[in-house]
Amino acid sequence: MYRVSIEAVKGTTDIEINMVDFDSRKISENDVFVAIRGTASDGHDFIEKAINQGAIAVVCDTFPEVIVSGITYVKVKDTNAALAFMADNFYDNPSKNLKLVGITGTNGKTTVASLLYQLFKKAGYKVGLISTVRILVDEVQYSATHTTPDPLTINRYLKAMNEVGVEFCFMEVSSHGIHQKRTEGLHFAGGVFTNLSHDHLDYHNTFAEYRDVKKSFFDHLEKSAFALSNVDDKNGLVMLQNSNAKKVTYALKSYADYKAQILENQLSGLLLKINDNEVWVRLIGTFNAYNLLAIYGTAVELGLDSFEVLRLLSELESVSGRFQFIISDQQITAVVDYAHTPDALENVLKTINDIRTKNEQLITIVGCGGDRDKTKRPLMAGIAASLSDKIIITSDNPRTEDPEAIIAEMEKGVEPQHFKKTISITDRKQAIKTACQFAGPNDIILIAGKGHETYQEIQGVKYDFDDMKIVKEFLEQLNK
């Protein structure tokens, strides 16, 4: 495990501290300020401000030009790693007092983590969850701001879990979180790899770098942990290569420790055969068969009885914004899904096409987020156009970008034979309304990209926007 490398100290370390923080705005009397170099700003620029607000010590990777008397300065090799280990120590190493499992991969993290939480709750345990959608300390819910929070937030919630007797915690581990050392110092009982596809290349530059960052999570697992990997993914075995953890695998197509076969795939659910035992589940689609197999393998590795796990799988309910659907009075089906990568969108569309009769229309609404990986924009539109009967390209969260410029980049991915079935509507609400007007009995509307999100971010402002709520309203208006 990577340890903090202290390179030099100025001042005394024999001091009592109040709190540790990396946000200079939150610093108060006798706090330690950790200067982090971020993508948008550099904490080293705010050392003077932190001291003026009462910081008694500063952790940095470069000493400032002005050294203030009475302040302790600690120079370290990597302030991100230092923050993680300091947070772990400050909160008394809370991850060692429960079984923490990290789930990483491009798609499926939220579903696997959330359904593991649900399954272990049904099994009678006190459970924690740290996910994109929400943070749960047993049954107390908190809002989430990042897929993987900063180390102070993670350890603060893990400490809260310790205080109420939580035994298991399931946590999404993003590539950003791994790269920025947010999970350093944590004691993981296990790690799960779901899959790897095109995403976050705005941050990682190359796919190889993205893959290697994910792999480093498994490289750092301890011998006492397990590493569960999807070996149907071409990078599944790569994740396990240098891991000291117990290596276990799952797959639908390959030889694996945990094996599943899809016997039936309907809108009402899946009939699966998992390790020679059949189970009916309420989730649908091949991608969810993988998710459920990961959940099954994790639960068994954590000591639950395999037959009890199968029973609990049959009781699981879908996660908010993950293939969440309603059927209107006119028998129009509207599906809301978080699919925001080419692979995830293709999975959802193929799932719908596998289930439907082809006598109905599949209308897909899709957009791409601003200030994020631009290379996936034409791919997303191209996939949607090739697998749908109609496609409406619209806004997602444009953030600081011009939504029409994002749409123009997406349109480049639509092949000429699909031009006639493709329209662009910048206003997302109008796009949903148009899809509802296009739809007739038995048609299917897929609204992709935002899923559980209840806002739309435009030029730094978050506006209330809930895909499911809006499509429900428009479908109800069709009755009048």
Exercise for the section: Could you list all the salt bridge (Lys or Arg N to Asp or Glu O under 4.0 Å) pairs where at least one residue sits in residues 130-154, not counting sequence neighbours? Expected result: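 Qualifying pairs: K121-D138, K121-E139.
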Exercise for the section: Sequence neighbours left out, what pairs pass salt bridge (Lys or Arg N to Asp or Glu O under 4.0 Å) with at least one residue falling in residues 187-197? Expected result: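 Applying salt bridge (Lys or Arg N to Asp or Glu O under 4.0 Å) to every pair that reaches into residues 187-197, excluding sequence neighbours, yields nothing.
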Using a cut-off of 6.0 Å, state whether more than 12 heavy atoms not belonging to [X] lie near its atom [atom1].
| X | atom1 | result |
| --- | --- | --- |
| K26 | NZ | no |
| K122 | NZ | yes |
| K99 | NZ | no |

Which residues satisfy the ring pair (Phe, Tyr, Trp, His ring centres under 6.0 Å) test with [X], sequence neighbours excluded?
| X | result |
| --- | --- |
| F168 | F120, Y125 |
| Y73 | none |
| H452 | Y338 |
| F188 | F217 |

Practice task
Determine which pairs satisfy side-chain hydrogen bond (donor to acceptor under 3.5 Å, both in side chains) with at least one residue from residues 454-465, sequence neighbours left out, and list them in order.
Solution key: none
Report yes or no: does [X] contribute a side-chain atom to a donor-acceptor pair with the main-chain N or O of [Y] at less than 3.5 Å?
| X | Y | value |
| --- | --- | --- |
| S174 | G177 | yes |
| S395 | P398 | no |
| N235 | V238 | no |
| D232 | S254 | yes |
| D257 | V248 | no |

Look at [X] together with [Y] and state whether they make a salt bridge at an N to O cut-off of under 4.0 Å.
| X | Y | result |
| --- | --- | --- |
| D61 | R37 | yes |
| D92 | K159 | yes |
| K215 | D219 | yes |
| D466 | K450 | no |

Handout entry: side-chain hydrogen bond (donor to acceptor under 3.5 Å, both in side chains) assessment of Q324 paired with S318
Key = CA-CA 7 Å; Q324 197 175 3; S318 63; over 6 Å; no
When you compare the side chains of [X] and [Y], does any donor N or O come within less than 3.5 Å of an acceptor on the partner?
| X | Y | answer |
| --- | --- | --- |
| D233 | N195 | no |
| S386 | E415 | no |
| S131 | Y117 | no |
| N230 | T194 | no |
| T249 | S229 | no |
| T351 | D354 | no |

List the residues meeting salt bridge (Lys or Arg N to Asp or Glu O under 4.0 Å) with [X], not counting sequence neighbours, and say none if there are none.
| X | result |
| --- | --- |
| D45 | none |
| E65 | none |
| R282 | E317 |
| K246 | E301 |

Look up atom [atom1] in [X] and atom [atom2] in [Y], then write down how far apart they are to the nearest 0.5 Å.
| X | Y | atom1 | atom2 | value |
| --- | --- | --- | --- | --- |
| D373 | T375 | CG | OG1 | 3.5 Å |
| R211 | S175 | CZ | OG | 13.5 Å |
| C60 | K75 | SG | NZ | 8.0 Å |

Handout entry: Within-4.5 Å side-chain heavy-atom neighbours: T286 and N347
Key = no
Problem - L115 and Q118, any side-chain heavy atoms less than 4.5 Å apart - result: yes
Completion exercise
Heavy-atom nearest pair, A339 first then V348, reads CB-CG2, 4.2 Å
Problem - K10 NZ/CZ over F63 ring centroid, <6.0 Å and within 45° of normal - result: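 Yes - K10 lies over the ring of F63, closer than 6.0 Å to its centre and within 45° of its axis.
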Practice task
Measure up the Y142 and Y157 rings against each other and bin them: parallel (under 30°), tilted (30 to 60°), perpendicular (over 60°).
Solution key: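 Because their plane-to-plane angle lies in the 30° to 60° range, the rings of Y142 and Y157 count as tilted.
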For residues 402-411, which side-chain N or O atoms pair as donor and acceptor with protein atoms under 3.5 Å away, sequence neighbours left out?
from	atom 1	to	atom 2	distance (Å)
D402	OD1	E404	N	3.0
E409	OE1	R377	NH1	3.0
E411	OE2	S424	OG	2.5

